[in-house]
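In what follows, every chain begins at residue 1, and chains take the letters A, B, ... in the order their sequences are listed. Note: hydrogens, waters and symmetry copies are ignored here, and every other heavy atom, side chains too, is used.
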Protein chains: 4
Amino acid sequence: MNVTVLIGRLTRDPEVRYTPNSQMAVATFTLAIDRPTGKDKEKQTDFPRITVFGKQAENCERFLAKGRLVGIQGRIQTGSYKNKEGVTVYTTDVVANNVQFLEWGEKREADNGFAGDTGIPEGFSSVDDDMIPF
Amino acid sequence: MNVTVLIGRLTRDPEVRYTPNSQMAVATFTLAIDRPTGKDKEKQTDFPRITVFGKQAENCERFLAKGRLVGIQGRIQTGSYKNKEGVTVYTTDVVANNVQFLEWGEKREADNGFAGDTGIPEGFSSVDDDMIPF
Amino acid sequence: MNVTVLIGRLTRDPEVRYTPNSQMAVATFTLAIDRPTGKDKEKQTDFPRITVFGKQAENCERFLAKGRLVGIQGRIQTGSYKNKEGVTVYTTDVVANNVQFLEWGEKREADNGFAGDTGIPEGFSSVDDDMIPF
Amino acid sequence: MNVTVLIGRLTRDPEVRYTPNSQMAVATFTLAIDRPTGKDKEKQTDFPRITVFGKQAENCERFLAKGRLVGIQGRIQTGSYKNKEGVTVYTTDVVANNVQFLEWGEKREADNGFAGDTGIPEGFSSVDDDMIPF
DNA sequence: TTTT
DNA sequence: TTTT
């Protein structure tokens with residue numbers, strides 16, 4: 001059993017890649033979720049990273065943007081990759097099997113992030129067909 | 001909203017630390033959760049890291065051991081720390097607010113891991129009172 | 001373990017009662033949640049009944065209204081009562097421990113439902129202190 | 001969004017029916033889940049009813065029995081039927097899309113419940129193809 | 001008895 | 001660095 005449900009806002013526009021073989025869309029983004037905290041403590045926020053595959057990834061690209069509110073149903077997925085120094089980095093993501101758009105309206109102009117700054121974790125920059133979870 | 005429910009087996013005995021001020025117990029361990037995968041694909045497993053605070057942490061120390069099956073109800077918590085090279089490492093854990101023991105029996109002899117090998121992520125090696133989430 | 005997470009719209013304004021002794025607020029309402037269904041099948045909707053206690057119940061009264069979108073985190077609670085014919089009726093509700101308002105704006109004018117039509121299930125019409133789940 | 005995760009024990013052996021057209025297996029059973037309650041209050045238990053379809057229903061029939069511990073991932077489904085007095089009865093069930101067996105061993109001898117006492121709610125006694133949720 |  |  002591995003179930004996660006989140007409601008939060010995108011910290012940036014989603015990034016979309018395509019797997020080399022099946023050309024399946026893979027969208028990734030990060031949610032900001034405020035932690036319910038006693039009034040004495042300072043506000044804290046969690047930033048889980050979300051991965052979406054296939055048709056839903058394409059819809060995320062079309063309809064989501066920085067700041068938009070979404071509900072996610074998915075599961076925790078762990079992995080690892082070697083960074084350019086050759087050291088192993090461990091990752092923990094939420095792979096969504098259901099993304100619910102809780103706010104609509106005109107899609108915002110894309111973030112004017114420049115090319116080198118994708119917001120995508122290094123280990124995911126080359127999405128691959130064996131990442132597809134079904 | 002930030003809800004996670006997991007059922008899996010401990011990859012090692014839990015590790016327990018105490019916060020310096022309140023002397024609250026903090027247990028950490030990793031679960032192995034097999035991914036339900038088509039029979040054609042090879043078996044895959046996720047390894048989310050769990051953190052438990054307080055009385056429940058003490059019970060984890062007493063009753064859990066490597067291989068034991070547990071149910072976790074919690075939420076995803078993200079954080080970061082600087083490693084000894086000064087580079088920021090991002091972490092994603094599940095902070096449990098409910099641990100359900102699904103197997104009992106004699107607690108196993110502890111893993112004969114030697115002192116330097118705690119299995120605890122570097123960023124957590126000094127647990128601190130401001131980690132307490134309530 | 002008993003965890004439920006829902007996102008849906010209120011079918012009516014919430015109803016609020018107070019327990020006789022502690023005078024704790026108890027809000028009840030029903031959510032409409034569309035079932036994701038193949039395009040060939042007709043649209044289907046589930047209508048789980050939600051119960052909220054205490055401060056959150058008061059906030060539901062203030063901020064929620066028919067049609068409003070909410071997220072619920074809670075657990076399934078079953079019970080039973082005898083109706084006026086003396087036959088036992090079994091109930092299944094979701095007791096919320098967290099209600100997240102996903103839409104704001106002016107609270108709508110109340111439904112012009114007349115007095116005898118509370119929308120509250122018979123077994124709940126007399127809320128009682130021993131219903132308080134904490 | 002409509003997500004429920006439960007861990008509990010069967011109150012009876014599962015009952016299995018087949019839909020008239022597709023001859024798909026439909027298993028139903030009730031879980032007992034103890035409510036975590038302060039030590040002052042008396043112990044309380046919830047009894048949600050579970051419905052499982054298809055191959056998983058067949059596995060439930062083969063491997064589950066009264067008292068066995070299971071994990072359920074599913075969603076809340078509401079419905080209604082008319083009883084023999086012609087009065088409408090509303091139902092709330094959990095439709096499982098994943099049943100995890102948390103205990104194994106020899107399947108127990110079936111409950112010696114007599115024929116007229118199926119433990120299945122009246123409204124479900126004639127399972128029908130349009131109940132299949134996919 | 002049902003919501004957008 | 002991984003469990004049955």
Side-chain angles (χ1 to χ4, degrees), chain A residues 1-2 78-80 82 87-92 100-105, chain B residues 6-15 28-36 43-50 64-72 102-103 105 108 111 113-114 116-122 124-125, chain C residues 6-15 28-35 43-50 64-72 102-103 105 108 111-114 116-122 124-125, chain D residues 1-2 78-80 82 87-92 100-105:
Chain A
M1 197 83 31
N2 183 339
T78 58
S80 65
K82 284 204 193 307
V87 358
T88 302
V89 177
Y90 295 93
T91 62
T92 302
Q100 187 170 350
F101 305 143
L102 301 174
E103 275 179 6
W104 294 87
Chain B
L6 307 170
I7 299 176
R9 292 182 184 278
L10 300 236
T11 63
R12 288 159 165 274
D13 289 355
E15 283 282 335
T28 54
F29 51 87
T30 295
L31 287 189
I33 308 178
D34 290 333
R35 223 178 277 170
K43 176 193 163 197
Q44 284 187 295
T45 305
D46 294 297
F47 297 102
R49 195 170 56 230
I50 315 297
L64 289 184
K66 179 180 183 183
R68 218 47 78 70
L69 189 70
V70 292
I72 298 284
L102 301 174
E103 275 178 6
R108 276 200 13 154
D111 233 1
F114 45 92
D117 176 65
T118 64
I120 291 224
E122 202 176 16
F124 275 57
S125 56
Chain C
L6 307 170
I7 299 177
R9 292 182 184 279
L10 298 235
T11 63
R12 289 157 165 274
D13 290 356
E15 284 280 337
T28 54
F29 51 86
T30 294
L31 288 188
I33 309 176
D34 291 333
R35 223 177 276 170
K43 175 194 167 198
Q44 284 188 294
T45 306
D46 294 296
F47 297 103
R49 195 168 58 231
I50 315 296
L64 288 184
K66 180 181 181 182
R68 218 50 77 67
L69 190 70
V70 294
I72 299 284
L102 301 174
E103 275 178 7
R108 277 200 12 150
D111 231 2
N112 36 9
F114 44 92
D117 178 73
T118 65
I120 291 223
E122 200 177 21
F124 275 59
S125 56
Chain D
M1 199 81 32
N2 183 341
T78 58
S80 66
K82 284 205 194 307
V87 357
T88 302
V89 177
Y90 295 94
T91 60
T92 301
Q100 187 172 351
F101 305 142
L102 302 174
E103 276 177 5
W104 293 86

Distance, rounded to the nearest Å, where L102(C) contributes CG and dT3(E) contributes C1': 14 Å

Atom CZ of R49(C) and atom C1' of dT3(E): how far apart are they, to the nearest Å? 17 Å

If you look at every heavy atom in T78(A) and P48(B), which pair is closest and at what distance? CG2-N, 3.8 Å

Nearest-angstrom distance from the residue atom CD1 of I50(C) to C1' of dT1(E): 16 Å

With respect to R9(C), which candidate in E103(C), R68(C), K66(C) satisfies the side chain to side chain contact (heavy atoms under 4.5 Å, CB included) definition? E103(C)

To the nearest 0.5 Å, how far apart are OG1 in T45(B) and CG in L31(B)? 12.0 Å

Ignoring hydrogens and geometry beyond distance, is the side chain of T30(B) in donor-acceptor contact with the base of dT2(F) at under 3.5 Å? no

Whole angstrom value for the distance that separates P of dT2(F) from CG of L64(B): 21 Å

Closest to the side chain of T11(B), out of dT2(F), dT4(F), dT2(E), is dT2(F)

Over how many whole Å does the gap from L31(C) atom CG to dT2(E) atom C1' extend? 11 Å

Interatomic distance where CZ belongs to R9(B) and C1' belongs to dT2(F) [whole Å]: 14 Å

On a heavy-atom basis, which atom in F47(C) and which in T30(C) lie closest, and how many Å separate them? O-CG2, 3.6 Å

Of dT2(F), dT2(E), dT3(E), the nucleotide closest to the side chain of F47(B) is dT2(F)

K43(C) side chain: which of dT4(E), dT3(F), dT2(F) is closest? dT4(E)

If I take atom CZ in residue F101(A) and atom P in nucleotide dT4(E), what distance separates them, rounded to the nearest angstrom? 21 Å

Does T45(B) reach a base, just sugar-phosphate, or nothing at all? Heavy atoms under 4.0 Å. base

Atom CG of L6(B) to atom C1' of dT2(F): distance rounded to whole Å? 16 Å

Least distance between heavy atoms, T88(A) atom then S80(A) atom: CG2-CB, 3.9 Å

Can you check whether Y90(D) stacks with the dT1(E) base, using ring centres under 5.5 Å and planes within 30°? yes

